[in-house]
Amino acid sequence: MFGNHSTTPVSHYIDDSYPGEWGVEDRDGSGVKVIRTTNFTNAGKLDLTNVVTRSILEKKVKRKAIKKFDTILERSGGTAENPVGRVVLFEEDDQYLCNNFTQVLRFKDIEPRYAFYALFYYYQMNKTVVRSMGSKTTGIQNLNMNKYLEIGVPDASDEEQRLFIAIAEQADKSKFELRKSIDAIDQVIKLNKRLK
């Protein structure tokens, strides 16, 4: 869609960026919910069915609370198939922090969902390039943030950004509906095998 557009480094659009927090064990159940990379899906969404709580100083909670439509970047982690550098879009209204293997990216002068999708699709189409932005220590890949922030975001008008978001969100819904249909077909096949 943006093959002929010029690009601007993602760093140009960063309004705020900070690493997550891990804090200490939540002994009394009053801690704050913390998103880990295990909550990332490869579809750019969060799976919050298993979120830990941690005790974190209130001043850090205020400073590092994630805002709706922030992008959460995996700074450390990765696997053989999926290099470090995955991103997810934060779409929640509740208070969450993210852990110290992640980085919050908050954008300015650009639609934040457009910036997220630009980074998400860049990762999907350029895993070898993203892998080269990482270094490996003790079995964990660590992302070079300076290199990562040089990724070019296509220069798109406000209207083009909104159109791209609409297309990407519709594609997400279609994938979800397709997955539900495949799961239902799988259940029918399994039931038929049991009945035979």
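We use all heavy atoms of the structure for the numbers below, so side chains are in, but hydrogens, waters and symmetry mates are not.
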### Query
Between V84 and V130, which heavy-atom pair has the shortest distance, and what is it?
O-CG1, 3.2 Å
### Working for salt bridge (charged side-chain N to carboxylate O under 4.0 Å, His left out), residues D15 and R106
CA-CA 5 Å; D15 185 42; R106 187 166 298 143; 6.0 Å; no
### Task
Would you tell me whether T8 and D155 have side-chain atoms, one donor and one acceptor, within less than 3.5 Å of each other?
yes
### Message
Applying ring pair (Phe, Tyr, Trp, His ring centres under 6.0 Å), can you list everything that pairs with H12, at least two apart in sequence or on another chain?
### Response
none
### Query
How many angstroms lie between CZ in R162 and CZ in R113, if you round to the nearest 0.5 Å?
10.0 Å
### Message
Test your reading of the model: is there a side-chain donor-acceptor pair from E169 to the backbone of A166, 3.5 Å cut-off?
### Response
no
#### Entry: Pairs involving residues 124-136, ordered by first then second residue, that meet side chain to side chain donor-acceptor pair (under 3.5 Å) (sequence neighbours left out)
N82-K127
### Other ILVMFWY residues reachable from V88 by side-chain steps of under 4.5 Å
Y18, I35, F40, L46, L48, V51, I66, I72, F90, Y96, V104
### D93 vs K68 side-chain heavy atoms within contact, under 4.5 Å
yes
#### Entry: Hydrophobic cluster identity match, V87 and V34, side-chain contacts under 4.5 Å
no
### Task
Could you label the plane-to-plane angle of the H5 and F2 rings as parallel, tilted or perpendicular, counting under 30° as parallel and over 60° as perpendicular?
perpendicular
### Message
Quiz question: by atom type and distance under 3.5 Å, do the side chains of S17 and Q103 form a donor-acceptor pair?
### Response
yes
### Message
Any carboxylate oxygen within less than 4.0 angstrom of a Lys/Arg side-chain nitrogen, looking at D26 and K33?
### Response
no
### Task
Quick one: pull up CD1 in I165 and CD in E111 and give me the separation to the nearest 0.5 Å.
3.5 Å
#### Entry: Pairwise distance OH(Y117) to CD1(I167) - rounded to 0.5 angstrom
11.5 Å
#### Entry: Any donor-acceptor pair under 3.5 Å from R54 side chain to G23 backbone
yes
### Task
Apply side chain to side chain contact (heavy atoms under 4.5 Å, CB included) to L143 and E74, showing your working.
CA-CA 8 Å; L143 192 64; E74 176 189 39; over 6 Å; no
Just list the side-chain donor-acceptor pairs under 3.5 Å for residues 144-152, sequence neighbours left out, or say none.
from, atom 1, to, atom 2, distance (Å)
N144, OD1, N146, N, 3.0
N144, OD1, K147, N, 3.1

### Message
Do D70 and D16 have side chains that approach each other closer than 4.5 Å (heavy atoms only, starting at C-beta)?
### Response
no
### Query
Measuring from N39:CG to C98:SG, what's the distance to the nearest 0.5 Å?
10.5 Å
### Query
When you look at V52 and R36, which way does the side chain to side chain contact (heavy atoms under 4.5 Å, CB included) test go after all the steps?
CA-CA 8 Å; V52 299; R36 300 169 290 167; 3.4 Å; yes
## Note on the structure
Closest non-hydrogen contact found for A43 with F120 is C-CE1, 3.6 Å
### Query
In Å and rounded to the nearest 0.5 Å, what is the OH to CG distance from Y123 to L73?
10.0 Å
### Task
List for me each residue that meets ring pair (Phe, Tyr, Trp, His ring centres under 6.0 Å) alongside F69, sequence neighbours excluded, and say none if there are none.
none
### Task
Might you work through the side chain to side chain contact (heavy atoms under 4.5 Å, CB included) test for I56 and L97, ending with a clear yes or no?
CA-CA 10 Å; I56 298 173; L97 268 63; 3.8 Å; yes
### Test of ring centre spacing under 6.0 Å for Y13 and F107
no
### Query
Looking only at side chains, do N142 and R75 share a donor and an acceptor under 3.5 Å apart?
no
### Message
Just checking K64: does its NZ atom have more than 12 heavy atoms from other residues, nucleotides or ligands closer to it than 6.0 angstrom?
### Response
yes
### Query
Which heavy atom in N42 sits nearest to a heavy atom in R86, and how many Å separate them?
OD1-NH1, 3.1 Å
### Query
Going through the distances and angles, do K45 and E91 end up as a salt bridge (charged side-chain N to carboxylate O under 4.0 Å, His left out)?
CA-CA 9 Å; K45 301 291 183 187; E91 299 178 275; 3.2 Å; yes
### Query
When clusters are formed from ILVMFWY side-chain contacts under 4.5 Å, directly or step by step, what else is grouped with I140?
F101
### Query
Where is the tightest heavy-atom contact between K108 and I14, given as atom of each residue plus distance?
CE-O, 3.6 Å
### Message
Is it the case that atom CD in E159 sees more than 12 heavy atoms from other parts of the structure closer than 6.0 Å?
### Response
no
### Query
So does K67 have more than 12 non-hydrogen atoms from other groups sitting under 6.0 Å from NZ?
no
